[in-house]
Structure formats: C-alpha cells, structure tokens
Amino acid sequence: MPKSPARIRKAVFPVAGLGTRFLPATKAMPKEMLTVVDRPVIQHVVDEARAAGIEHFVFVTGRNKGVIEDHFDIQFELERTLAERGKEKELSTLQRDLPSAGQTSFTRQQSALGLGHAVWCAREIVGDEPFALLLPDMLHFSAEPCLSKMIKAYNEVGGNHSAVSPVPEDQTHNYGIVGVEDPKSDVSKITTMVEKPKPADAPSNLHITGRYILQPEIFELLEKQKPGAGNEIQITDAMLGLLEREHQDFYAVRFEGEIYDCGSKLGFLMANVAYGLSREDLSAPFRAELNRALSK
Ligand code: G1P
C-alpha cells in the first residue's frame, strides 16, 4: 500500500505587512486586526486553519504587531469580569477561540524583503515537515473551508498544493498565475507558474489565491532565492523551483467560493457584507438595512 503523506500540522501566517492602503486606520493597529463583523481578519483565517485540523499556528510578525500576540493569548482579567457579570456567551466565545498553551509561535521578519522572505523566517519553527501557508488578507468564503478541501486532496496525492481561481484576463499582473494540465479539473497538476505576469505572458487565467500546502524543501530554495517581481523575494519563484528543479508534484485545487481581499477597501467592505449576511443573529436586520440604504 502506498504510504500516506505526512500530516499537515502547522500553518504559517505572514502578518508583517504595513497596511499602507488602510491608513490612518492602520497607523497604530495592525491591518490583520481590522474586524469583519466582530472578528479580526486574522481570526477568520485562523478559524479556517483550525477547521482543517491545524494544530500549531506560526505567525511571522513585525514591529507594531504585538497586539496580534495578545489577541491569541488568554485575557485573565477580562474573562474574570465576564464571568462575574454572567456574560456566559461572550466568555464561551473567547474560550472557544483560544489556542491551547504552546499552540502558537511568533517570529519576526526583520526586513520587508517580500513574502518569500517572510515564509523563510518560519523555517526553524516549521522544521522538516510539510505545512500550510495562509495569506491573511485573503478571506476565502465558502461552505467547505478552502484549506479543508486542499488537505483532502493532499491526503490523496501528497506533494505541494495551491488553491486557484479564475481572474479577469486584465488582472493577471496583480497575482501569481499558474498553468495546469487540465484547466477544467477540480484538482490538476501545475505545469508552470509566474508571479504577476502581463496578460500576454500569463499561462492561464488561474490565480494563486493565497492558500498553500508546501513541502519543507521550499525553505532551502527560499534561502537562495533572488528577488523577483517588485524586487522582492517571491514565494512563487521558489515554488517554481520545487516544480522544475526538485521535480516535486504541484497541484492546483480549484476554490469555488468567494474571495475577499481585505487588503483593499472594497474587498474589506464586501467581506463585511458577506459575513454579516451569513450570520444567523444579524442576517435579517442587516439585509433590511442594506436594502433601505440601497433604495435611497
Ligand atoms: C501574493 C502572492 C501571489 C498571490 C497573491 C494572492 O501576492 O505573491 O502569488 O496571487 O498573494 O493574494 P501579493 O498580494 O502579496 O502581492
């Protein structure tokens, strides 16, 4: 019987970005702490990883990001006050969301050299095992969480995986774009990838959405990776190395839900609309208010 692939236990969250597109909101607060309804963006992404069975959460942070660490820590005084005031619901939400002691790690990206460099900063904590990588700006909204679908595919075939979804052809220069063996298939082998190509150079219209499963050899490639698009060390370039130089399998897993780029104002507003409408406690009054606002 073929050996089943190593379990994906750890997930990396690069959270060092400055959030300049959200100034002044992000002057003193990390962009990952902006709220979509009543949960910070980073909490939604950690929720997705937890739902997929991730047990260790690795945050690559930077200066001014200390509040993210506090968010994932116990707040003893707050919990005591909530208990004293009989706020059981709020208390149980906090307790449910709290990772167990030792389940989180924080390391700092000391210089803003690009996403690939941020991931490389997690090498000692991840060690020699495959891991998930989730880009916190991109909220993946769907019935089956994106990473759960990817881990299912990974458990069948092993290797490396990237979630993909189509973008309009004139948008390819904003994303990593992959070429695949079978563009119609739900899970297909990747044949090539390129970071931020002009439409004429794009191998397809399938973009890398910001959810990955990567083999640990990626760290050796990142170590030597030269700066690419935007003069930054790009994860996509190192991933191409896994595919072409290491001859590892790389799969594209189609994501069928909606993606909200919470690094952009419009994406962030739309995420609040979608998540608000999906909430049982808010949906009906929120819909009524939205309709009222739209009819003005
Ligand atoms: C990063 C990746 C890119 C991917 C994108 C998804 O780019 O490098 O391949 O398509 O995230 O959001 P960034 O948005 O950091 O420029």
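Order of listing sets the numbers, starting from 1, for every ligand and every atom in it. By convention here, the first residue in the shown sequence is residue 1.
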#### Entry: Sidechain N-carboxylate O distance under 4.0 Å for Arg279, Asp281
yes
### Query
Can you find an N or O of Leu135 that's nearer than 3.5 Å to an N or O of ligand 1?
no
### Query
Which atoms of ligand 1 are found less than 4.0 Å from any heavy atom of Met138?
12 (O)
### Query
Would you call the rings of Phe268 and Phe22 parallel, tilted or perpendicular, where under 30° means parallel and over 60° means perpendicular?
perpendicular
### Task
Measure from atom 10 (O) of ligand 1 to every heavy atom in Thr236, Ile208, Val164, Asp261 and give the option owning the shortest one.
Ile208
### Qualifying residue, where the test is salt bridge (charged side-chain N to carboxylate O under 4.0 Å, His left out) with Glu144 and the options are Lys152, Lys149, Arg254
Lys152
### Query
Near Gln234, which atoms of ligand 1 are under 4.0 Å from a heavy atom of that residue?
8 (O)
### Query
Parallel, tilted or perpendicular: which describes the rings of Tyr275 and His44, with under 30° parallel and over 60° perpendicular?
perpendicular
### Query
Which ligand 1 atoms, with their elements, are less than 4.0 angstrom from a heavy-atom of Tyr175?
10 (O)
### Task
Would you check the N or O atoms of Glu195, main chain and side chain alike, for any that come under 3.5 Å of an N or O of ligand 1?
yes
### N or O contact, Lys196 vs ligand 1, cut-off under 3.5 Å
yes
### Sub-4.0 Å protein heavy atom next to atom 15 (O) of ligand 1
no
### Task
Step through the shown structure and confirm whether more than 12 heavy atoms of other residues, nucleotides or ligands are within 6.0 Å of CZ on Arg96.
yes
### Message
Checking the N or O distance criterion of under 3.5 Å, is ligand 1 in contact with Gly210?
### Response
no
### Query
Can a salt bridge be assigned to the pair Glu289 and Arg292 using a cut-off of 4.0 Å between side-chain N and carboxylate O?
yes
### Query
Hey, what's the ring geometry for His161 with Tyr154, parallel, tilted or perpendicular (30° and 60° as the breaks)?
perpendicular
